[in-house]
Participant: 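Sharing a structure with you now.
As the structure lists them, so they are numbered: ligands from 1, and atoms in each ligand from 1. No experiment lies behind these values; they were computed from the predicted model shown. Quick note: residue numbers are just sequence positions, from 1.
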Amino acid sequence: MNDNDKTHFGYRQVDTEEKQNLVGQVFHSVAHNYDVMNDAMSLGVHRAWKWFAVAQSGVGIGDIVLDLAAGSGDLSLKFADKVGPQGHVIITDINESMLAEGRNRVTNAGVVENVSYSLVNAEQLPFPDNHFDCIAISFGLRNVTHKEQALASMQRCLKPGGRAIILEFSQPTNPAFRTVYDAYSFNVIPWLGEFIAKDRDSYQYLVESIRQHPPQEELKQMMLDAGFDRVRYHNLTGGVVALHIGYKY
Ligand code: SAM
């Protein structure tokens with residue numbers, strides 16, 4: 001085995017083929033407390049980040065949307081509302097426990113007619129070329145082992161004129177703010193994980209995985225390399241999160 005067969009899982013180096021399994025264990029473990037932890041860790045601000053992502057997506061009546069790594073379905077619910085009865089949202093995740101959370105949540109909100117569910121690995125999309133008006137992945141890409149493959153797969157499945165929406169943790173732009181944010185995330189988030197979800201390790205992985213994810217400009221370049229056009233990003237909450245948008249022409 002050489003270094004190319006290794007990748008990061010948080011700050012640990014692991015065998016590349018092992019990462020998907022380890023990420024799976026994290027999300028099986030957090031699925032039940034996922035929504036309450038999101039609110040606790042972000043003080044509710046993740047709702048505004050997601051609202052902004054959907055507003056920027058340009059999704060409208062009749063569109064066909066793919067929500068990757070959909071988890072408990074925050075974006076899916078908003079997209080289902082935007083596309084209306086003439087459109088459709090395919091809600092997907094690689095993890096059965098997370099997809100079950102999403103299905104329960106979306107169904108309990110009374111949204112059934114214009115949505116469907118599928119277990120899908122973002123790296124190998126089982127959909128035709130040129131199919132979707134919008135493909136979104138929110139707080140999912142940093143968990144994907146082969147990000148280039150996921151981006152290429154998204155680009156292939158978008159219709160010409162379609163948009164990819166990537167919402168993900170990123171790098172705060174102001175060094176002083178970054179210091180405060182680092183102190184918060186390394187000290188408070190694992191503690192919240194232990195206190196609320198009785199699962200410190202999964203939330204330690206979360207804060208470490210954020211630091212391993214490509215920052216704003218690097219992710220933008222990866223999207224350009226995957227064939228996206230007019231790639232832009234918006235820094236949210238000082239760059240704690242970035243929304244990248246790319247088009248296919
Ligand atoms: N999109 C939701 C949100 O914004 O709240 C859930 C995000 S959750 C932090 C990350 C999700 O990515 C998990 O549900 C996990 O199962 C999923 N995931 C991890 N690796 C994946 C992959 N290779 N393909 C698809 N989903 C994946």
Side-chain angles (χ1 to χ4, degrees), residues 7-10 14 16-42 44-54 57 65-80 89-106 117-127 134-154 157 164-170 185 189 193 197 199 202-210 212-213 236 240-244:
T7 189
H8 50 79
F9 172 73
V14 297
T16 300
E17 63 267 29
E18 197 191 349
K19 174 164 171 164
Q20 194 169 303
N21 224 355
L22 291 168
V23 170
Q25 287 168 23
V26 167
F27 286 104
H28 278 303
S29 170
V30 304
H32 202 56
N33 291 297
Y34 182 74
D35 288 326
V36 69
M37 277 301 293
N38 270 354
D39 276 329
M41 288 183 300
S42 73
V45 179
H46 75 105
R47 292 165 187 259
W49 297 330
K50 289 169 179 169
W51 175 86
F52 182 75
V54 173
S57 72
V65 177
L66 176 62
D67 190 3
L68 292 173
S72 61
D74 274 351
L75 257 59
S76 310
L77 274 171
K78 294 178 174 45
F79 283 133
V89 182
I90 304 188
I91 302 172
T92 69
D93 201 285
I94 198 173
N95 187 296
E96 285 171 52
S97 308
M98 290 299 286
L99 195 62
E101 287 292 319
R103 183 193 288 264
N104 286 342
R105 177 123 174 281
V106 172
Y117 300 86
S118 191
L119 268 182
V120 165
N121 182 347
E123 292 175 13
Q124 292 147 5
L125 299 183
F127 302 106
C134 177
I135 301 180
I137 183 163
S138 154
F139 301 109
L141 190 63
R142 74 173 185 285
N143 301 298
V144 172
T145 311
H146 302 104
K147 295 177 185 40
E148 288 85 357
Q149 280 182 30
L151 293 172
S153 215
M154 290 165 72
C157 293
I165 299 290
I166 302 177
L167 187 65
E168 190 50 91
F169 290 106
S170 204
S185 29
I189 290 181
D199 181 359
S202 294
Y203 289 90
Q204 184 68 33
Y205 162 73
L206 167 77
V207 292
E208 292 178 5
S209 68
I210 290 170
Q212 301 290 0
H213 188 67
L236 308 179
V240 167
V241 164
L243 174 68
H244 283 71

Participant: Which ligand 1 atoms, with their elements, are less than 4.0 angstrom from a heavy-atom of Gly71?
Facilitator: 6 (C), 14 (O)
Participant: Does any N or O atom in Ala122 lie less than 3.5 angstrom from one in ligand 1, N or O only?
Facilitator: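 For ligand 1, there is an N or O atom that lies under 3.5 Å from one belonging to Ala122.
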Participant: Specify the protein heavy atom at minimum distance from atom 4 (O) of ligand 1: its residue, its atom name, and the distance to 0.1 Å.
Facilitator: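 Of the protein heavy atoms, Ser138 OG, 2.5 Å lies nearest.
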Participant: What protein heavy atom sits nearest atom 2 (C) of ligand 1, and how far away is it?
Facilitator: Ala70 O, 3.3 Å
Participant: Please write down residue, atom name and distance for the protein heavy atom closest to atom 10 (C) of ligand 1.
Facilitator: Phe139 O, 3.2 Å
Participant: Surrounding NE2 of His28 (heavy atoms of other residues, nucleotides or ligands, distance under 6.0 Å), is the total greater than 12?
Facilitator: yes
Participant: For the pair Asp74 and Arg105, evaluate salt bridge (Lys or Arg N to Asp or Glu O under 4.0 Å) and give the outcome as yes or no after the intermediate values.
Facilitator: CA-CA 9 Å; Asp74 274 351; Arg105 177 123 174 281; 2.7 Å; yes
Participant: May I ask whether Lys50 has any heavy atom positioned less than 4.0 angstrom from an atom of ligand 1?
Facilitator: yes
Participant: Determine, considering heavy atoms only, which of Val120, Ile94, Leu99, Asp74 sits nearest to atom 27 (C) of ligand 1.
Facilitator: Ile94
Participant: Would you check whether Phe27 has a nitrogen or oxygen atom less than 3.5 angstrom from a nitrogen or oxygen atom of ligand 1?
Facilitator: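 Such a contact does not occur with ligand 1.
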Participant: What residue and heavy atom of the protein are closest to atom 8 (S) of ligand 1, and at what distance?
Facilitator: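 Nearest protein contact, heavy atoms only, for atom 8 (S) of ligand 1 is Tyr34 OH, 3.3 Å.
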Participant: From Thr92 OG1 over to Leu68 CG, what is the distance, rounded to the nearest 0.5 angstrom?
Facilitator: 4.5 Å
Participant: Does Leu75 come within less than 4.0 Å of ligand 1, judged by its heavy atoms?
Facilitator: no
Participant: Do any heavy atoms of Ile137 fall under 4.0 Å from ligand 1?
Facilitator: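 Heavy atoms of Ile137 never come under 4.0 Å of ligand 1.
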Participant: Quick check for you: to the nearest 0.5 Å, what is the distance between Tyr205 atom OH and Asn143 atom CG?
Facilitator: 4.0 Å
Participant: Which residue owns the protein heavy atom closest to atom 19 (C) of ligand 1, what's the atom, and how far is it?
Facilitator: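 Here the closest protein heavy atom is Asn143 CB, 3.6 Å.
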Participant: Looking only at N/O atoms, are Arg142 and ligand 1 under 3.5 Å apart anywhere?
Facilitator: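 No.
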Participant: Between Ser72 and ligand 1, which residue portion shows a heavy-atom distance shorter than 4.0 Å: side chain, backbone, both, or neither?
Facilitator: neither
Participant: Quick one: look up the protein heavy atom nearest atom 12 (O) of ligand 1 and list residue, atom name and how far away it is.
Facilitator: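 Answer for atom 12 (O) of ligand 1: Ala69 CB, 3.3 Å.
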Participant: Yes or no: does Asp93 have any heavy atom under 4.0 Å from an atom of ligand 1?
Facilitator: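 Distance cut 4.0 Å: Asp93 passes for ligand 1.
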Participant: Does only the side chain of Leu68 get under 4.0 Å from ligand 1, or the backbone, or both, or neither? Count heavy atoms.
Facilitator: neither
